[in-house]
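Predicted model only: the values in this text are computed from it and were never measured. Throughout, protein chains are lettered first and strands after them, A, B, ... in sequence-line order, and every chain is numbered starting at 1.
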Protein chains: 2
Amino acid sequence: MIKREEVLGKLPDLDNLLTPGEREQVLKEMQVHAYRKNEPIYSEGDKPSHLLCLISGKVKIYKDGVGGRAQIVRVVNAVEYFGYRAAFSDENYITAAAAFESSVIATIPIDLIRQLIMRNPQLAWFFLRRLAKALGRSDARTVNLTQKHIRGRLAESILFLKESYGVEEDGCTLSISPSREDMANLSNMTTSNAIRTLSVFVQEKLISLDGRRIKILDEPALQKTSRIG
Amino acid sequence: MIKREEVLGKLPDLDNLLTPGEREQVLKEMQVHAYRKNEPIYSEGDKPSHLLCLISGKVKIYKDGVGGRAQIVRVVNAVEYFGYRAAFSDENYITAAAAFESSVIATIPIDLIRQLIMRNPQLAWFFLRRLAKALGRSDARTVNLTQKHIRGRLAESILFLKESYGVEEDGCTLSISPSREDMANLSNMTTSNAIRTLSVFVQEKLISLDGRRIKILDEPALQKTSRIG
DNA sequence: ACATTTTTGTGTTTAAAAACATCTTTTGCT
DNA sequence: AGCAAAAGATGTTTTTAAACACAAAAATGT
């Protein structure tokens with residue numbers, strides 16, 4: 001178990017937008033949980049009760065679709081909030097979340113957050129901005145996933161992972177090493193096609209692979225592939 | 001030109017959540033414009049400057065994709081706000097909007113809205129809820145458009161139009177009569193396939209067609225088709 | 001009213017991706 | 001270490017939908 005006092009200081013905005021009294025209240029009600037790799041965090045249909053904040057690790061937000069195929073709709077990096085959309089619109093979760101890799105997550109009761117938002121316009125604006133950005137990305141993603149061909153979608157996913165989680169010290173190896181199935185679920189394709197197309201990208205020297213580790217060799221060409229297929 | 005005084009009374013929430021002084025300020029800065037059918041309202045890349053409110057008519061929000069094919073990502077019904085997402089996230093528009101049919105739209109400078117939000121948590125919460133709902137629908141839409149087959153996507157679009165715009169007095173004719181191209185752009189398919197699949201639905205007695213008018217004959221079967229294809 | 005353009009409808013061909021089958025490699029477990 | 005299960009790899013077949021081509025009907029402008 002992680003010390004809650006150490007965690008609050010890491011919470012962006014929630015820490016510095018609150019009055020000392022509010023901060024104390026959050027500290028009292030906050031809990032911290034650890035999740036192992038691939039462990040579910042919440043499931044579709046669950047009733048949301050807490051705002052979640054990813055303190056460390058990586059999280060995927062996905063939706064199960066036709067024939068057991070999942071689609072990853074968002075990914076979460078530390079330190080970011082998630083899991084509040086359904087609560088804000090008074091719905092049960094329509095997505096599921098799982099740890100991409102082992103993660104530590106702080107939870108704060110959503111009712112408390114709602115109270116803070118109603119008292120603190122800065123905080124309201126913070127979440128408004130986040131939702132607005134997420135909606136824009138979701139719209140763009142819809143079109144990319146529906147209209148691009150397999151090569152374009154996979155290239156885009158690789159660039160998406162770079163943008164979301166960054167790269168290691170070498171400047172080109174992705175900081176996250178997803179399974180082929182995860183790559184498929186990011187890119188709206190079958191696992192077979194993800195494997196196949198990754199191999200083609202290696203042959204074309206766009207990337208190199210070392211197990212699950214993906215190294216971007218030719219980013220401009222990858223961007224071009226993402227655009228035109 | 002429509003009288004601005006008559007319009008403000010129709011604005012949901014913005015009317016009843018504001019103090020008299022705030023209401024006066026909105027009235028002073030609000031403008032009203034009329035758009036003909038298919039007339040563009042804003043384009044991808046434009047800088048957003050106003051909150052838009054659809055007073056009457058119907059609006060489609062879409063995104064141009066690969067090879068001139070557009071994808072409709074949202075539709076707007078009267079009386080609803082739109083066009084604020086990009087402004088809230090400090091981006092230019094990443095979508096375009098056009099009148100589905102002739103429409104009247106009120107515009108309020110986004111800076112004024114931002115000020116009101118910072119002073120009025122109820123108003124902030126109103127927009128938070130709207131964005132949260134829109135994001136949920138967008139996520140669901142992503143999966144539906146990517147994973148379902150043509151029949152499922154088209155059936156879903158018909159039901160989506162019923163839900164969004166309702167039906168006429170007969171209880172089964174859609175209130176909106178989109179072109180085959182619009183149906184295709186809603187359903188992520190080519191116009192040819194929209195025409196073809198609509199014909200098949202007529203043969204199967206799921207719907208009947210009278211030009212652009214769509215009448216739902218067997219909603220349960222249409223829902224089943226939407227789910228399983 | 002008539003010519004022109006746009007929209008709708010239908011058949012055919014081609015390309016893309018899913019489904020399927022099989023095998024190898026890696027990983028996790030006790 | 002040894003076994004079972006999961007993940008990765010690859011070739012083949014089948015399905016799906018896009019692309020293409022053309023004709024008919026409807027809408028639009030003059």
### Query
Given D:dG8, is OP1 or OP2 found less than 4.0 Å from the side-chain N or O atoms of A:Thr191?
no

### Task
Please figure out whether A:Arg212 or B:Lys148 has its closest DNA chain D nucleotide nearer the 5' end.
A:Arg212

### Message
Check this one for me: any side-chain N or O of B:Thr190 less than 4.0 Å away from OP1 or OP2 of D:dA18?
### Response
yes

### Message
Using the side-chain heavy atoms of B:Ile195, tell me which of these nucleotides is nearest: D:dT10, D:dA18, C:dT8.
### Response
C:dT8

### Message
Within the supplied structure, the quantity of interest is the number of heavy atoms (other residues, nucleotides, ligands) at a distance under 6.0 Å from B:Lys133 NZ; does it exceed 12?
### Response
yes

### Task
May I ask you to check whether A:Ser138 and B:Asp139 show a side-chain donor-acceptor distance below 3.5 Å?
yes

### Task
Let me know the distance between CG of A:Asp210 and C1' of C:dT26, rounded to the nearest Å.
13 Å

### Query
Rounded to whole angstroms, how far apart are CG on B:Asn193 and C1' on C:dT10?
12 Å

### Task
Using whole Å, report how far CG of B:Leu154 lies from P of D:dA17.
11 Å

### Task
Please determine, for the side chain of B:Ser199, which listed nucleotide (C:dT10, D:dA17, C:dT8) has the closest atom?
C:dT10

#### Entry: Side-chain donor/acceptor contact of A:Arg196 with base of D:dG11 under 3.5 Å
yes

#### Entry: Value in whole Å for how far the P atom of D:dA17 lies from CZ of B:Arg69
12 Å

### Query
Base, sugar-phosphate, or nothing for B:Ser192, non-hydrogen atoms under 4.0 angstrom?
base

### Query
Between B:Asn38 (CG) and C:dT7 (P), how many Å, whole number?
8 Å

#### Entry: Distance-only polar pair, side chains of A:Ser89 and A:Glu91, donor-acceptor under 3.5 Å
yes

#### Entry: Distance, rounded to the nearest Å, where B:Arg180 contributes CZ and C:dT7 contributes P
12 Å

### Task
From the options C:dA19, D:dA19, C:dA17, select the nucleotide whose nearest atom is closest to the side chain of A:Arg153.
C:dA17

### Task
Grab the CD1-P distance between A:Ile150 and C:dA19 for me, whole Å please.
11 Å

### Query
Relative to each other, are the rings of A:Tyr42 and A:Tyr93 parallel, tilted or perpendicular (30° and 60° limits)?
parallel

### Spacing of A:Lys37 atom NZ relative to D:dA6 atom C1', expressed in whole Å
13 Å

### Message
Using heavy-atom distances to pick each residue's nearest nucleotide on DNA chain D, tell me which of A:His149 and A:Glu181 is more 5'.
### Response
A:Glu181

### Message
Classify the ring geometry of B:Phe100 against B:Tyr165: parallel below 30°, tilted from 30° to 60°, perpendicular beyond 60°.
### Response
perpendicular

